[in-house]
Amino acid sequence: MTNSNYWISRAAANRVSRRRFVTGAAAAGVGGAAIGLVGCGGDSDDTESPTVATGGTTAATTAATTGATTAATSPTAAAAVAEGGVYRAIWLGGSQFDSNDVHRNFRDETSWLSNYVLAKIVRFKNPDTGELEGDIAEKWETTDSQSYTFNIRKDIKWQNTPLTNGRQLTAADVKWAIERQRDSKLADGTEVPFRRKSDFTGVTVETPDEYTVKLKLPKPDGAFLFQLAAYFSTVPNREATEKFEGTHQTITEEAMPSIGPFTLKKWRANEDLFVAKNPGYYRKGEPRVDGMILPVGLFADPTAARLAFEQKQIDAWSAPDPSLTKSIIDANKGNMSEVLTGVANTVYLNLNMNEQFKDVRLVRAMNMAVDRRLMIQTFHQGLGQVSGPVPWLAEGFALKTEDLIKLEGYRTDRALELKEARELWSAGGGPALGTIDIRYVDIWAANWPDTPQLLMKMFNEGLGVTQFQSTKATYNDDIIPNLANGKFPNWMAWTSQVTSPDPRSILQSSYNSKGSQNWNKVNNAEIDKLTDEASLTSDLTKAQDLTRQAQKIMIANGSFGNIVLYNYISRTAVWNYIAGNYKVQPTATTPGQGYNIFSGHLASKNLGFNTKHASYTDSIKS
């Protein structure tokens, strides 16, 4: 992130050996806030966290793999990291796997897990900035953001199982993976739902030889490579996938043979998950650890997770209450450190411009009356940062902090904000609207029960009225069924997770007059022009500039009722013997920074143990 002030101003499992992992033994969308999809506040993968690329993303450019790197590491930790050891933590954002098929799962857990076991055509070298590098493809070319040529590595082999026989990965594997999703058909021709079908609609695939893949898109799409690099775009094994098509909801390690850094040793529903180092992984020297364990039972019991962490049964931990996490860290200074990670579920206020808020002056007034910084302080103890239409997590496309704080709703001068908000509210006929209900979502209130009182006080006092109330709503009953018909309530809670650093497709979908998720029927010619141009270009610098221009127009119009508020930050405690999968490693005086966007594919490069650190005692070596 470019905002240096952000870090300154934000105010028991069974023991498992860390020695060499025995191979016979059976580990955080769209870059803008997704306006049409809503969801609860999920885990951000922060316990194992997770200048845009020039290679392969601009016209007539060829990119070559340079190897995974992180934005910053701790020299001391990096120098002391030893080979081996087993990492134990809650390193996925959930434990409910709905499918063993990465093309057919509709929850995220299977896709997240596949990033440790499989590979993608290209991947994010830095997920937060969108910098790309090759993965299955060692290099690629594009001339018009509609035609892509990928040269496939010749040193990738499938894990040797009775289904794969350790065969070579070829262009045919990539072709099958794309066409299967495009056609949404099983091997027997049965049509079934495929989660990412729309990403490949109309795409044609040619394989001139065993190691070349040529893709032709039906229209230019400057964000296409970002879709290929996203966490849900891993390439599975054809033989195993087709064998388990009829039983895809049966969770088993046999269904996902590896080409990635780890192999699945045990993957069963509601049981601890084990992965082991893949000795045949093509990135030499990776992974540094022998394996990872995910103790499933700790998901539902924060107290047990805390005790396991304090006893070094697990290596990283985060409490629902960040102050509890901080107290544990403070009580163990020198042995524990703090890591802060942006939560990708954006906090959001949705006002219905089809009904009550038809005058744009009213949503502008609401955008200024809502006190983002007060909410961050009240709900998250100051751990958060205000977000524009593209949240700050998507660093490459978000408005820079110095620009954002000059715009309506984001200025630090609250007196000015409220003065202008009251003027707009009066001019737009706000007092004549009568009672206005800003509904809070039930599962949000389960975490922050004071939400309705805060909302009523903030809007009534801010606008100098007594007309606001706040009652409960649910996503499934009140909000989601009414988005398409335009009768959704005014509500505040989380919206969908940021899963990619590139927000172009979601901004076009939500704000372009032709957008499929344009629930408030935004019809602004300049926004249409800017979002269309941004989506078509393969020049990322140009795309970023166009997207920032569009965001300024959105904010000047109260984001047309789609009021993005902020993204808060998860605090994680880690033992100091861990070199984590972090963007910036923690030091004795500075918290570490996790990746804001899912970074599981980088764990094999970053994760390791400093066995010489004083916190790495005999009690955890055996």
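Heavy atoms only: backbone and side chains are in, while hydrogens, waters and symmetry mates are out. Treat the numbers as computed from the prediction; the structure is a model and nothing was measured.
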Exercise. What orientation do Phe224 and Phe200 show, parallel under 30°, tilted 30 to 60°, or perpendicular over 60°?
Worked result: perpendicular

For this session: Enter the distance from Gln551:CD to Leu546:CG here, rounded to the nearest 0.5 Å.
Result: 11.5 Å

Seminar exercise, completed: Interatomic distance, CZ@Phe124 vs CG@Asp502, rounded to 0.5 Å, equals 7.5 Å

Problem set entry | Chi angles and distances behind the salt bridge (Lys or Arg N to Asp or Glu O under 4.0 Å) call for Asp108, Arg195 | CA-CA 11 Å; Asp108 282 329; Arg195 185 178 183 184; 2.8 Å; yes

Exercise. Only one of Lys139, Lys120, Arg123 clears salt bridge (charged side-chain N to carboxylate O under 4.0 Å, His left out) with Glu133; which?
Worked result: Arg123

Exercise. Where does the angle between the aromatic ring planes of Phe194 and His103 fall among parallel (under 30°), tilted (30 to 60°) and perpendicular (over 60°)?
Worked result: tilted

Problem set entry | Partner set under ring pair (Phe, Tyr, Trp, His ring centres under 6.0 Å) for Trp158, not counting sequence neighbours | none

Exercise. Once the angle between the rings of Tyr568 and Trp444 is folded into 0 to 90°, is it parallel (under 30°), tilted (30 to 60°) or perpendicular (over 60°)?
Worked result: perpendicular

For this session: Mark yes or no: Lys266 above the aromatic ring of Phe274, with NZ or CZ under 6.0 Å from the six-membered ring centre and no more than 45 degrees from the axis.
Result: no

Exercise. Sequence neighbours excluded, which residues qualify as side chain to side chain contact (heavy atoms under 4.5 Å, CB included) partners of Ser147?
Worked result: Asp144, Lys216

For this session: Look at the aromatic rings of Trp491 and Tyr348 and report parallel, tilted or perpendicular, splitting at 30° and 60°.
Result: perpendicular

For this session: Measure the CG-CD distance between Asn100 and Gln249 for me, rounded to the nearest 0.5 Å.
Result: 9.0 Å

Exercise. Quick one: OG1 on Thr547 to CD on Gln508, what's the gap to the nearest 0.5 Å?
Worked result: 10.0 Å

For this session: Kindly compute the distance separating CD (Gln96) from CD1 (Ile251), expressed to the nearest 0.5 Å.
Result: 10.0 Å

For this session: Please test Thr531 against Asn512 for side-chain hydrogen bond (donor to acceptor under 3.5 Å, both in side chains), starting from the C-alpha separation and ending with a verdict.
Result: CA-CA 7 Å; Thr531 54; Asn512 191 288; 2.9 Å; yes

For this session: Any chance you could measure Arg288, atom CZ, to Lys605, atom NZ, to the nearest 0.5 Å?
Result: 7.5 Å

